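The structure under discussion appears below in the form of structure tokens.
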4 protein chains.
Amino acid sequence: MALDTAGRVRRAAVKLFAAKGFHGTGIRELAQESGLSTASLYHYMGSKEDLLADIMCDCLRTLLDAATAVAARVDDPVPRVVELVKLHVRTHARKPKETRIVDHEIHALAPSARRTVVALRDSYESVWSEAVAEGVRRGAFRTNQPGVTRIALLEMCNGVARWYSPRGSLSLEDLAEHHADVALKALGACPHGPAEGQSRGE
Amino acid sequence: MALDTAGRVRRAAVKLFAAKGFHGTGIRELAQESGLSTASLYHYMGSKEDLLADIMCDCLRTLLDAATAVAARVDDPVPRVVELVKLHVRTHARKPKETRIVDHEIHALAPSARRTVVALRDSYESVWSEAVAEGVRRGAFRTNQPGVTRIALLEMCNGVARWYSPRGSLSLEDLAEHHADVALKALGACPHGPAEGQSRGE
Amino acid sequence: MALDTAGRVRRAAVKLFAAKGFHGTGIRELAQESGLSTASLYHYMGSKEDLLADIMCDCLRTLLDAATAVAARVDDPVPRVVELVKLHVRTHARKPKETRIVDHEIHALAPSARRTVVALRDSYESVWSEAVAEGVRRGAFRTNQPGVTRIALLEMCNGVARWYSPRGSLSLEDLAEHHADVALKALGACPHGPAEGQSRGE
Amino acid sequence: MALDTAGRVRRAAVKLFAAKGFHGTGIRELAQESGLSTASLYHYMGSKEDLLADIMCDCLRTLLDAATAVAARVDDPVPRVVELVKLHVRTHARKPKETRIVDHEIHALAPSARRTVVALRDSYESVWSEAVAEGVRRGAFRTNQPGVTRIALLEMCNGVARWYSPRGSLSLEDLAEHHADVALKALGACPHGPAEGQSRGE
DNA sequence: CATGAATGAGTGTTCATTCAT
DNA sequence: CATGAATGAACACTCATTCAT
């Protein structure tokens, strides 16, 4: 049925855009991978660029929604950051192609679509910023460069999409925990029992 | 003179490949940015792809040579990793366009050129691996996932090329030190006075 | 009901073919202007070209029938030409889109449809030729180039469809009379009291 | 040489646009008729539409220049109109394809190019208007609808491009004179000895 | 050195039309 | 009746590259 075909187009685009880049992917390849003619492709997408924008927005919106839910559910900054890191890592490990597209193909968007995508990304990152800032405020984190640390950690976690393979020996959960661990260290928190011990120290 | 013109071509390519991607850059743009005709362009490059491969190889070879020199000069794993991280961060901050090209455009190379570039990158990363392994061997680092940590740190430092601006308030040296700090924390070493001090602490 | 829809399609086609030309009008535009899907369009027309041919034939047949009636009703060549000119001008002023299509889009028809349309147009023009020839025969007109004059007058009157607007200050009837006037002058007849004076002269 | 090739492209475009319309002509046909590949075509034109605009502007500018020269040279309105009509008719008889393109393809231009072409056409027509108005002012013409007459005459003369063939029995000079004759009659002037005789009649 | 001219192959997209539902 | 889905062919145009001058 229709949804199925639309899904096939989407999956083909995700696969090819991630593998060869947006500009490196022709619509004839896209059509072949989808099992359609190039003309039929245009029943399921506005334009090649619309397709790209859709993929990026969907991916970012899902991530943003999940992060917002985490921030609403977890008050304590330390477990909140832990959850945010794990969410980010899991998403990048499970959807490496989508997330790589988000990270690598923003330059391929025309200004208006780019603004939308960047706004979504900024919203998402502000959930991180807020968590870090709250941790600093409550004395749970000790870092004199919270902004730099936040962006450095984000880049580290983005990298997961570029190298992690579920076929390797490392389980996804171990991967997520490892990154959460590094994040807490980078932010100057003790991994298991942080806020308490640190607030005492001050 | 000739060298000058060749340099202009190289600089134009670096600028455009970084900004719009290899496939997103046409040779007409390249020619315009270089101030040449498209035909003249071909006096200074083999093909568009050769130009890309040259840029990537030069960048990686410079980095590899510097890293090799660091490894030869610094024996102690802790300062060696510190130096490697700083080198990596400085290079990515000073040459963000070249390093972004290295990180993002490997898929645009044909298999044979890709093999060369990947080999260079692997050589470079093995300098890191060796430093981390040596630190673990000597008890300077405590991490049960040295490989994961290494690649996570590399991704974090690569990210510098994507966001750092020398026009911001953060100095390049502070940036480098901050990342070195995080690296040592992630590897389970105390930043300034590492192996010894930490083993005593337990 | 069906007739209504068919009418909407016809009106849409007339509007668009006149405004943008046959080849400049896509069936998607046609469908949108008709308020139908492109597929539904094909219930009300054979093909895009059939639709064009229908429009042209209907317009020409109406004109031919009216002209034939005029010729049958009015014997005297001078008032006959006057009536023919007025008919032509009125038709082009009232149906500027249809008549412009007839005048401009013959090249878009395939040979067989073109033959039909050209035959209709020739039949119509022969009513004019006959009236002019009769006037010359009876001494009502003085022109040594009756054929050229006839075609020049036709072109002049066709032009009405290209510039006349009922929203202007000139009434349709004044317009028709003005053109009839010019026609009689061009044919060498006195506008009001021609045949008599001239027949006396011979 | 280059000019030759550019000329071949121009001539091919004129031929095809006149015969099949702008939208009815593909660039592949254009290339074939020019004896070039479609890619080479783009060395000699900006875009298909630019080519159209160039053709129209060149044609109109030539006509405008000639008409301006006539107006400057001939003061008396009667011979001035005669010369203008003859110029118009000769141009339309000798360059029927170019003039038909000017008359039929304005709708194919994008707004900005259309404005340019329409401005040229208006300039040209204002030379006619001025001549007619001057004749009316000096009492050389008697018409209570000078504007309508002017446009009707223009349309009549435009028509020449649609039907006149130099292979017919009518010479170009006779054709021009015939139309000038009709024009004077339509404007209410005596063909050979106008202003004087008529002013006496009043 | 430098470039105007040239091109085969390819770009993303739209065309008019059909047909199963 | 009406239409969503589908398509082969064509659309205008650009690609990276070559070569004679």
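Everything numeric in this text was worked out from a predicted model, so none of it was measured. Order of the sequence lines sets the chain letters (A, B, ...), proteins ahead of strands, with each chain counted from 1.
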Original post:
Across all strands, who's sitting opposite F:dT7 as a Watson-Crick or G-U wobble pair, both distances under 3.5 Å?
Top reply: E:dA16
Original post:
Given atom CZ of B:Arg8 and atom C1' of E:dC1, what is their separation to the nearest angstrom?
Top reply: 13 Å
Original post:
C:Tyr42 has a side chain; which of E:dG12, E:dT18, E:dG8 sits nearest to it?
Top reply: E:dT18
Original post:
Below 3.5 Å, does any donor atom in the side chain of A:Arg28 face an acceptor in the base of E:dG12, or the other way round?
Top reply: yes
Original post:
Between atom CG in C:Leu52 and atom C1' in E:dT17, what is the gap in whole Å?
Top reply: 17 Å
Original post:
C:Met45 or B:Leu41: which one's nearest nucleotide on DNA chain E is closer to the 5' end?
Top reply: B:Leu41
Subject >> A:Ile27 side chain near A:Tyr42 side chain, heavy-atom distance below 4.5 Å >> reply: yes
Subject >> Upstream residue (5' side of DNA chain F) when C:His43 and A:Leu36 are each assigned their closest nucleotide >> reply: C:His43
**OP:** Take atom NE2 of D:His23 and atom P of E:dT14, then tell me their distance rounded to the nearest Å.
**Re:** 15 Å
Subject >> Whether D:Asp103 side chain and D:Arg100 backbone form a donor-acceptor pair below 3.5 Å >> reply: no
Subject >> Nearest-angstrom distance from the residue atom CD of B:Glu49 to P of F:dC15 >> reply: 18 Å
Original post:
Which one, F:dT7, F:dT3, E:dA6, comes nearest to the side chain of C:Ala39?
Top reply: F:dT3
Subject >> A:Leu30 CG to E:dG10 P, straight-line distance once rounded to whole Å >> reply: 17 Å
Subject >> Rounded interatomic separation in angstrom, taking CZ from A:Phe17 and C1' from E:dG12 >> reply: 12 Å
Subject >> G-U wobble or Watson-Crick pairing nucleotide for E:dT21 (cut-off 3.5 Å, both distances) >> reply: F:dA2
**OP:** When you get a sec, tell me which of F:dT7, E:dT17, F:dA16 is the closest nucleotide to the side chain of C:Ser47?
**Re:** E:dT17
**OP:** Give a yes/no on whether any side-chain N or O of D:Ser40 is located under 4.0 angstrom from OP1 or OP2 of E:dA6.
**Re:** no
**OP:** Starting from P on F:dT14, measure out to CD1 on A:Ile27 and report it in whole angstrom.
**Re:** 16 Å
Original post:
Out of C:His23, C:His104, C:His107, which residue meets the ring-ring contact (aromatic ring centres under 6.0 Å, His included) rule with D:His104?
Top reply: C:His104
Original post:
Using a cut-off of less than 4.0 Å, is there contact between a side-chain N or O of C:Tyr44 and OP1 or OP2 of F:dA2?
Top reply: yes
**OP:** Map D:Thr38 and A:Lys48 onto DNA chain E by nearest heavy atom, then report which one ends up closer to the 5' terminus.
**Re:** D:Thr38
Subject >> Between E:dC15 (P) and C:Gln32 (CD): distance, integer Å >> reply: 12 Å
Original post:
Among A:Thr5, A:Asp54, A:Asp58, which one satisfies side-chain hydrogen bond (donor to acceptor under 3.5 Å, both in side chains) with A:Arg10?
Top reply: A:Asp58
Original post:
Side-chain contact, heavy-atom cut-off 4.5 Å: B:Thr38 with B:Arg28?
Top reply: yes
